[in-house]
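These notes concern the structure reproduced below.
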Amino acid sequence: QTPGGFATPGSGRKDLTQLGRARDKMLGIKLDRVADSVTGQTVIDPKGYLTDLNSSVKVQSSSDLQDIKKARLLLKSVITTNPKHGPGWIAAARLEQETGKLIAARNLIMKGCEICPKHDDVWLEAAKMHSKENAKAILAKAIRFIPTSKKIWIAACKYEETIDGKKAVLRRALELIPHSVDLWKAAVELEKPDDARVMLSRAVELVPTSVELWIALARLETYKNARKVLNRARKAIPTEPQIWITASKLEEANGNIQNVETIISKAVTSLAAHQVVIDRDSWLQEAEKAEKAGSKITCQAIVTTTIGIGIDPQDQKNTWLNDAEHFQSRGSIETTRAIYAHLLANYPGKRKIWEKAAQFERQHGDGASLDALLKRAVHYCPKAEVLWLMWAKEKWVSGDVDGARGILKQAFAANTDSEDVWVAAVKLEVETKEFARARGLLSKARERAGTERIWMKSAVLERRLGNIPVCQKLLEDGTLRYPGFDKLWMMLGQIHASRNDIETARKTYKQGVKKCPKSTPLWLCYANLEMETKQYSRARSLLETARMKIPKDAELWLAAIRVEEKAGNKKVVKQLMAKALQECPSAGILWAHAIATDPAPARKSRSYDALKRCSDDPHVFMAVAKLFWLDGKQRKARNWFNRAITVNPNLGDAWAWFYRFEKDHGRKSKIARVLKKCIEAEPTHGSKWCAVSKDVKNAGLKTEGILQKVEKTLPTDLFSVD
């Protein structure tokens, strides 16, 4: 290089390569950060963060942190100027102990015991610093100075090795401190049930205000005597709710269910009369505790009696629904069930409450409880079609087809000519292969209900059974009756196309888009027909017209891009993609397609931009998951697939790709988990999913079968756009 000149062209290649690698690494880091913002979780685990701090900054001993001599002088000054200050002696002794001077520490603390003989903490510290035998002697000496120190007696008990020795210490302590609850509890724990009962009888006489002692005594007594004990306890402590709750649990445990709600009701009345504030939240917590203790009836009684306290009538419904969600999230099933029961008792005509209660029973109850609930639901809300359909579905799922038919028959009686009930009845017959019944029902439905959906279902059934002429006739009649229903036009066009009658199919679609100019699926069907016959100019023109009719529609833009890809116009593809993203900047399907069609080195950068624009789109999440899949980062790929199915569990394509991923990289348990979750989600959307699920050959196929077929149709190239 000459002075003032330029380097040769090839000298910077190595630097550019390193720069590219660094750029890729930074993009990977940015993707991880965006992943954090997408899930709403923080990257820094607070507990782990603190652990890291502890591991990097070790807590050093006091000898490393302070000047020992200064500390010793300071503490010496404390015990000299104020020798009766017990904590000063303890601190001075501990300092010597930490620095390894145990003898000096013992001497100091013993001197502290001499000067502060009334400070039990000093004696206890002295006992800790000595051996067990010496500690017993020190505590014996301490008792002579402070015989009423509960701490000293309990410590002395712990140093005894035998049960008899411990009993002797505690009995002597109780002679001197008969009103200590802690000493009574410690002593009772060492006794056998019969001796404990005798001891507790004496304890409640001496300490009548201790709830714990009364309850402990009641638990050791027979049912009859326990009731007497709790009655005495209520008189001794009229302001304590635990006694009432214990009495309720006692009645429940002995089969006297009818007394439980009466006791809780009396408890609230009596406590209020004694000026006790009835805190609703505290009582609901007591209901939760009763549930965990196995007292379900007591739990229900507490909820029923106290849940409305302090709540304005207009706020009751929303407050109780929030309570139900709160306790369900805590896993308190019986408490939640009791809240729903109270809600339904007060609002029996509210359909949404019945739905929520039914959903709860489906998750946490059994078939019998759900069946009973739905039976009550349709009794109180006979016009709520969704409740009838839920009940019929539960019967059908449990295998009781006749029961489901009977329920739908009742639903017809309650909801004359209801479209949803007709469709459910037809679906039941189709699922059980009773096609003649289904055809008969649809015939009646067309006469009585006569909706576009009924006509469509009729055509779908005939197409499934292979009766194409009948299907075509139904669709032709249907389009005359309901010209604004796009699905009838789509099906009619598909029938003509399946017969290779392209011209008739074209006319059908043309007529359809005139009647339904705002139907994106119909425009796409029309354009696909032209693409399949390689009439790209016609398809291009159609999609331009569609975009004018329906502006800012991402699916129409994507279809236009695919037309140019099929036609091989690469430059036009780039121009269209730029225009599409400008008009639809938050369309995930466009960003995902852009990532797929970009060169491999540019995909990470594009995915980062996509995530900034579409922070919760499953198509983008799938594309990012595939990027990590290609890079061999299986854990990150799995996380992104999980995000995709969480954001939109109805997207079948995401489930299919996730299933393929687990088949390639996961264990059998992970594959089974994806399959199970997909069956629960019952997805219905996605281009590849619908291509299989709506194929006449796959009619009646369950979710599991559809998933497996879709997975087989997926391309081997993860970013194939075919």
Side-chain angles (χ1 to χ4, degrees), residues 38-40 324-325 328-331 333 336-337 340 352 354-371 373-374 386-387 389-401 404 420 423-424 427-428 430-432 616-619 621-622 625 637-694 698-714:
V38 167
T39 55
E325 291 176 6
Q328 184 176 355
S329 68
R330 290 170 56 88
I333 306 306
T336 308
R337 184 174 282 121
Y340 274 125
K352 288 189 177 180
W354 285 106
E355 285 184 42
K356 285 180 178 289
Q359 186 63 31
F360 169 78
E361 288 297 338
R362 183 182 287 112
Q363 292 176 359
H364 303 286
D366 53 26
S369 64
L370 179 57
D371 185 70
L373 181 79
L374 289 169
V386 66
L387 296 175
L389 299 181
M390 287 174 71
W391 191 17
K393 184 178 179 181
E394 293 303 324
K395 283 286 186 184
W396 171 56
V397 169
S398 64
D400 187 359
V401 177
D420 288 334
V423 170
K427 184 179 179 181
L428 176 66
V430 169
E431 293 290 343
T432 54
D616 58 352
D617 189 276
H619 296 91
F621 291 172
M622 273 200 296
R638 183 175 288 111
N639 288 341
W640 282 102
F641 275 126
N642 270 315
R643 290 188 182 101
I645 61 172
T646 301
V647 168
N648 186 2
N650 202 30
L651 184 61
D653 290 6
W655 288 104
W657 277 112
F658 195 9
Y659 188 62
R660 161 75 66 84
F661 170 78
E662 293 297 5
K663 283 183 72 176
D664 288 355
H665 300 287
R667 297 189 297 271
K668 287 184 178 179
S669 59
K670 291 188 179 293
I671 299 170
R673 178 174 170 271
V674 172
L675 182 59
K676 181 184 176 185
K677 290 179 73 176
C678 179
I679 292 170
E680 291 172 357
E682 296 183 348
T684 56
H685 291 170
S687 58
K688 296 187 181 299
W689 186 274
C690 290
V692 172
S693 64
K694 294 188 177 181
N698 299 322
L701 201 62
K702 302 294 183 184
T703 302
E704 180 179 355
I706 296 172
L707 176 66
Q708 291 169 348
K709 282 202 169 190
V710 175
E711 186 272 327
K712 289 177 182 176
T713 66
L714 296 177

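These values consider heavy atoms only, across backbone and side chains, with no hydrogens, waters or symmetry-generated copies.
- Considering Arg362, His364, Glu361 in turn, Glu361 is the only one that fulfils the side-chain hydrogen bond (donor to acceptor under 3.5 Å, both in side chains) rule with Ser369.
- Closest approach of Ala656 and Val710 over heavy atoms only: CB-CG1, 3.5 Å.
- Nearest heavy-atom pair, Leu651 versus Gly686, reported as atom, atom and distance to 0.1 Å: CD1-CA, 3.8 Å.
- In this structure, CD in Gln359 is found 9.5 Å from CG in Leu370, a value given to the nearest 0.5 Å.
- The minimum heavy-atom distance between Val386 and Glu355, with the atom names listed, is CG1-OE2, 3.3 Å.
- Taking all atoms of both residues into account, the shortest heavy-atom contact from Ala404 to Ala392 is CB-O, 3.5 Å.
- A pairwise comparison of heavy atoms in Leu374 and Ala358 identifies CD2-CB, 3.8 Å as the closest pair.
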Trace of the side chain to side chain contact (heavy atoms under 4.5 Å, CB included) decision for Phe641 with Arg638
CA-CA 5 Å; Phe641 275 126; Arg638 183 175 288 111; 5.7 Å; no

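- You'll find the side chain of Lys688 reaches within 4.5 Å of the side chain of Leu714, heavy atoms only.
- Between the side chain of Asp653 and the backbone N or O of Trp689 there is at least one donor-acceptor pair closer than 3.5 Å.
- To the nearest 0.5 Å, the span separating CD on Glu682 from CD1 on Ile706 amounts to 10.0 Å.
- Using a 4.5 Å heavy-atom threshold, the side chains of Leu675 and Trp655 count as separate.
- When side chains are defined from C-beta on, His665 does not count as touching Lys670, because their heavy atoms never get closer than 4.5 Å.
- Ring pair Phe360/Tyr340 is tilted by interplanar angle, where 30° to 60° counts as tilted.
- Leu387 CG to Trp354 CH2: the interatomic distance, rounded to the nearest 0.5 Å, is 8.5 Å.
- Using a 4.5 Å heavy-atom threshold, the side chains of Lys677 and Asn642 count as touching.
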Evaluate the criterion side chain to side chain contact (heavy atoms under 4.5 Å, CB included) for residue pair Thr703 and Glu680; output intermediate values, then yes/no.
CA-CA 9 Å; Thr703 302; Glu680 291 172 357; over 6 Å; no

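- Residue Trp657 holds its CH2 atom at 5.5 Å from CZ of Arg660, rounded to the nearest 0.5 Å.
- Applying the side chain to side chain donor-acceptor pair (under 3.5 Å) rule to Lys709 yields the partners Asn698; only residues at least two apart in sequence or on another chain are considered.
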Evaluate Ser693 against Thr684 for side chain to side chain contact (heavy atoms under 4.5 Å, CB included), listing each step before the verdict.
CA-CA 8 Å; Ser693 64; Thr684 56; over 6 Å; no

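- Between Lys702 and Glu431 there is a salt bridge, since at least one side-chain N of the basic residue sits less than 4.0 Å from a carboxylate O of the acidic one.
- Of the inter-residue distances, the one linking Lys663 atom NZ with Ile671 atom CD1 reads 7.5 Å to the nearest 0.5 angstrom.
- Here Glu394 contributes atom CD and Leu389 contributes atom CG; the two are 11.5 Å apart, rounded to the nearest 0.5 Å.
- Between Ile645 and Ala654, the closest heavy-atom pair is CG2-CB, 4.2 Å.
- At a threshold of 4.5 Å between non-hydrogen side-chain atoms, the residues Thr336 and Arg330 do not count as touching.
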